Q: 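Quick one: the structure is below, questions incoming.
Convention: sequence-line order gives letters A, B, ...; per-chain numbering from 1. Please read these numbers as outputs of a predicted model, since none were measured by experiment.
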Amino acid sequence: MGDKNKSKKVTYSYTTLNELRPNTKADVFGVVKFIKPPYKSRGSDYCTMISITDSSMTGMDDKLKCLLFAKEESMLPSPDVGDIVRFHRLSVSMFRDSLQGQSSPGFAWLVFSGRQKQPVEPKTSSSPTYSFTDSDKDKIRELRSWASKNDEFKENLCSFNDVATGCYFDIYCQVVSTSVIEAGVGRLLRVWDATQCLYNVREVSADSQLEDTQTDEQVHKRARGFIYDVSVFDDHFKSSSHIKPGDYVKFINLHASEWKDNNRSHRPAIEFCLHRGNSFGRCVRVVSADLPDLISLKQRQEIVALDNESFSVTGINSQTAVGNSSGNSQAVAGNRSGSNDRDDVETDVDNHVQYFSHATAQGDKNSVSEKRDNVESNWGKNNMVEDVIVISFQSQEASSLELGDKIDGTKATKPVTDKIRYVESQASSSKAGDTRGADKVRQAGDTRGADKVRQVGKGIATENQRYIFKRAAVSNARAEMTVNSNEKKADQRRCMVQTSTVVLDHPHVNCSQISAVLSHAVPYKFRVRAKMLDFHPKPDSAKTFLQLYCHVCHYLCPYPEKDTIQNGSTVPRLQIGSTFQNVPHFNCPQCFEGKDSLPALDSPPHLKYIFMLRFILSDETGMLMANIWKEDAVQLFQDMQPEDLLRKESNIEIVRDYLNRICPPNTALCDKPWIEGCLRSFHNACGTVYQMFDTFIV
DNA sequence: GATTAGGGTTTG
């Protein structure tokens with residue numbers, strides 16, 4: 001009640017938390033550091049414990065634990081960590097040598113978002129009316145500003161597609177069904193957040209004796225192919241008893257625990273567990289369906305649901321499919337329909353996209369004039385956008401863009417940062433196969449690549465984490481590890497996700513989703529994690545796979561096949577200037593054109609053999625086409641030179657193997673490996689172009 | 001009307 005009639009008369013004087021004295025009552029503001037969710041006490045009341053802090057607190061007294069009671073659960077504050085609370089008439093006393101706050105007669109509370117961009121008005125309050133002055137607003141802004149500098153208050157929100165083995169993370173999702181695993185001990189919540197996990201996820205069996213499964217059939221239908229099992233235990237069994245299918249929930253400190261799947265040991269598997277207890281604020285709770293934090297999740301859900309509905313209409317398969325393909329679900333994976341199975345997309349792309357019509361010489365000149373050096377951010381000094389590939393599309397492009405637009409419906413406005421905290425796993429997590437990538441580099445007879453990978457590993461590995469060192473070398477080399485457990489708290493670590501490519505030299509750049517790349521101002525550089533829908537050209541032979549390029553005038557053409565020279569007028573006849581190691585080197589026809597002699601040049605420049613590829617990348621937010629060529633492609637192929645393909649016929653097999661590794665043929669998109677890479681965007685005459693760089697196949 | 005509970009680095 002408290003403040004209702006006093007608001008005009010009473011001015012509150014707020015005490016900073018370091019000035020509190022025992023056996024007094026005080027009015028305070030604080031940032032929430034810990035919350036034990038409200039529960040029914042053995043007495044008459046509900047109880048919650050909230051630890052708060054402010055900028056005045058230091059050292060041992062870094063928080064004030066507040067023990068709050070109320071007759072109704074709804075009368076207790078239930079803030080998130082990082083939120084700001086205002087308590088009036090908090091009773092302060094000593095308990096076990098520390099100050100403790102307690103609710104007392106007249107106790108009143110307000111909860112504010114801790115986010116700087118949110119309105120300063122309270123989110124919730126103990127009473128419908130309360131005092132609230134400009135000075136209060138200043139106090140909120142001040143605390144937000146202070147808290148924003150402290151990682152401890154940051155949430156660890158993830159989607160299922162961010163998650164990797166061993167992570168603890170927070171997630172919003174919608175409940176599809178509930179059932180009991182073991183009465184009083186374990187409850188199964190089947191949930192979806194309209195993203196898909198990289199790993200096989202354990203499917204949990206409910207207690208079939210109980211037959212208590214409740215499902216929201218409508219949600220179930222919408223979520224098909226994206227549903228994951230979450231087990232909650234002990235205290236969370238009780239606190240989740242009121243959760244119904246269809247509810248939106250927030251899990252705090254959910255564990256993506258490694259799961260030994262004996263049936264499919266060749267693939268990493270995880271299970272989602274909410275362990276007992278409430279350290280780290282661990283809990284699951286229902287959130288309002290109107291919560292602004294749910295907006296992007298709901299947008300994704302609409303897209304997935306639309307896809308699932310369109311499949312239902314055509315009657316392809318209305319069979320339930322769980323989002324993972326673990327255990328005995330191989331058959332399910334093969335049958336399942338819905339957005340997670342992008343075979344349909346793949347076919348569309350194949351049919352509609354005219355990937356690569358090579359550049360005209362004029363086009364290339366234009367592209368060079370597009371050089372820019374104003375790429376911002378933390379990408380180091382080499383910001384110059386290099387020569388670019390100009391690729392013209394046939395009119396079919398519209399079809400593919402339509403497809404992309406559909407998938408890209410979320411229109412994320414900013415890069416989503418991966419904030420998963422990585423927690424040191426047991427040494428047993430190490431797998432012999434983890435060294436494979438580095439070994440392959442060495443087998444390829446090129447130690448440079450391996451050295452690069454080792455360099456990436458060096459800065460992040462510690463004595464206790466040799467397996468992580470190895471893992472880093474073959475996965476994405478982006479994890480920031482800690483030296484020991486004492487440092488765990490402060491570190492914002494990132495999960496390591498096995499990918500078929502790694503990024504070199506940019507360990508601190510966060511990954512952006514494709515929708516964010518597409519909507520970002522141009523030019524810019526990004527790090528992305530995506531799957532490869534397709535690529536072009538196919539490595540059928542060295543001559544069809546390579547292009548010829550002039551560094552002087554930027555002339556570009558395919559390898560001059562004999563029949564093309566005879567029949568086609570578009571590709572000028574090329575003269576062989578020299579032959580070295582059985583590889584012909586052609587004169588540049590453009591540099592030579594109209595000239596009887598070439599001042600300053602003894603002979604026309606030779607065309608250089610280059611790789612020039614286009615990748616079609618996709619993640620759950622969209623699709624984009626990325627080009628890679630010249631040195632960037634050489635780097636991708638572990639320093640394989642284009643001429644190597646001509647010198648030795650079998651080298652094309654190695655390239656084919658690389659490409660199959662990042663884009664396995666005849667494989668559904670959901671089963672393809674993730675790739676991680678760097679993209680730069682820029683404008684040219686054709687519009688916005690994306691170019692891949694600093695990426696390396698492992 | 002007193003009482004309740006009073007966190008603590010996770011792992012099914």
Q: Round to a whole Å and report the spacing from NZ of Lys40(A) to C1' of dA5(B).
A: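 After rounding, the gap between these two atoms is 13 Å.
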Q: From the options dG12(B), dT3(B), dG7(B), select the nucleotide whose nearest atom is closest to the side chain of Ser51(A).
A: dG7(B)
Q: Send over the distance from Leu64(A) CG to dG7(B) C1', rounded to a whole Å.
A: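 Interatomic distance, CG of Leu64(A) to C1' of dG7(B): 13 Å.
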Q: Testing the 3.5 Å rule here: is there a donor-acceptor pair between the side chains of Lys149(A) and Ser145(A)?
A: yes
Q: Name the residue closer to the 5' end of DNA chain B, choosing between Phe233(A) and Gly281(A) according to the nucleotide with the nearest heavy atom.
A: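 Of the two residues, Gly281(A) wins.
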Q: Donor-acceptor pairs under 3.5 angstrom involving side-chain atoms of residues 276-285 of chain A: please list them, not counting sequence neighbours.
A:
{"residue": "Arg276(A)", "atom": "NE", "partner": "Asp234(A)", "partner atom": "OD2", "Å": "2.8"}
{"residue": "Ser279(A)", "atom": "OG", "partner": "Arg282(A)", "partner atom": "NH2", "Å": "3.4"}
{"residue": "Arg282(A)", "atom": "NE", "partner": "Asn253(A)", "partner atom": "OD1", "Å": "2.9"}
{"residue": "Arg282(A)", "atom": "NH1", "partner": "Arg276(A)", "partner atom": "O", "Å": "2.4"}
{"residue": "Arg282(A)", "atom": "NH1", "partner": "Gly277(A)", "partner atom": "O", "Å": "3.4"}
{"residue": "Arg282(A)", "atom": "NH2", "partner": "Asn253(A)", "partner atom": "OD1", "Å": "3.3"}
{"residue": "Arg285(A)", "atom": "NH2", "partner": "Asp80(A)", "partner atom": "OD1", "Å": "2.0"}

Q: If you compare every side-chain N and O of Arg42(A) against the phosphate oxygens of dA5(B) (OP1, OP2), does one of them come in below 4.0 Å?
A: yes
Q: Figure out the NE2/P separation between His275(A) and dG8(B), and round it to whole Å.
A: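 So the NE2-P distance, His275(A) to dG8(B), works out to 16 Å.
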Q: Charged N to carboxylate O below 4.0 Å: is that the case for Arg300(A) and Asp193(A)?
A: yes
Q: As a test of reading the structure: which of dG6(B), dG7(B), dT10(B) is closest to the side chain of Tyr168(A), going by heavy atoms?
A: dT10(B)
Q: What nucleotide, of dT10(B), dG8(B), dA5(B), holds the atom closest to the side chain of Arg282(A)?
A: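 Out of dT10(B), dG8(B), dA5(B), the nucleotide with an atom closest to Arg282(A)'s side chain is dT10(B).
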Q: Examine dG7(B): is either OP1 or OP2 under 4.0 Å from a nitrogen or oxygen in the side chain of Lys36(A)? Give yes or no.
A: no
Q: Counting side-chain heavy atoms from CB outward, which of dT3(B), dG6(B), dG12(B) is closest to Lys71(A)?
A: dT3(B)
Q: Using a 4.0 Å heavy-atom cut-off across all strands, classify Asp45(A) as base, sugar-phosphate, or nothing.
A: base
Q: State which of dT11(B), dT10(B), dT4(B) makes the closest approach to the side chain of Ser257(A).
A: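 In terms of side-chain proximity for Ser257(A), the closest of dT11(B), dT10(B), dT4(B) is dT11(B).
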Q: Quickly work out the Ile252(A) CD1 to dT11(B) P distance and round it to whole Å.
A: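 Roughly 18 Å, once rounded to whole Å.
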Q: Excluding sequence neighbours, so at least two apart, what forms side-chain contact (heavy atoms from CB on, under 4.5 Å) with Thr16(A)?
A: Asn18(A), Glu19(A), Asp54(A), Ser56(A)
Q: Strictly by modelled atom types, are Asn161(A) and Gln196(A) linked by a side-chain donor-acceptor pair under 3.5 Å?
A: no
Q: Tell me if the side-chain of His255(A) makes a donor-acceptor pair with the base of dT10(B), cut-off 3.5 Å, by modelled atom types.
A: no
Q: Indicate, yes or no, whether a donor-acceptor pair under 3.5 Å links the base of dT3(B) to the side chain of Ser44(A).
A: yes
Q: Need one value for Gln102(A): base, sugar-phosphate or nothing, where a base atom within 4.0 Å counts as base even if backbone is also close, heavy atoms only.
A: base
Q: Find the distance Asp97(A):CG to dG8(B):C1' and express it as a whole number of Å.
A: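 Nearest whole value for this atom pair: 16 Å.
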Q: What I want to check is whether an N or O donor and acceptor connect the side chain of Lys65(A) with the base of dG8(B) at under 3.5 Å.
A: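 Such a pair exists between side chain and base.
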Q: Are the ring of Phe280(A) and the six-membered base ring of dT10(B) within the stacking cut-offs of under 5.5 Å and under 30°?
A: yes
Q: Find the distance Met49(A):CE to dG7(B):P and express it as a whole number of Å.
A: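 The answer, rounded to whole Å, is 5 Å.
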Q: Measure from the ring centre of Phe34(A) to the centre of the six-membered ring in the base of dG7(B), then say whether that distance is under 5.5 Å and the planes meet at under 30°.
A: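 Yes, the aromatic ring of Phe34(A) stacks with the base.
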Q: On the nucleotide dG7(B), are OP1 or OP2 found under 4.0 Å from the side-chain N or O atoms that Tyr39(A) carries?
A: no
Q: In whole angstrom, give the distance that lies between atom CG of Asp170(A) and atom P of dT10(B).
A: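 Spelled out: CG on Asp170(A) to P on dT10(B) is 17 Å.
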Q: Hey, would you say the Trp146(A) and Phe153(A) ring centroids sit under 6.0 Å apart?
A: yes
Q: Given atom NZ of Lys33(A) and atom P of dG8(B), what is their separation to the nearest angstrom?
A: 15 Å
Q: Could you check which of dG12(B), dA5(B), dG8(B) has an atom nearest any side-chain atom of Ser279(A)?
A: dG8(B)
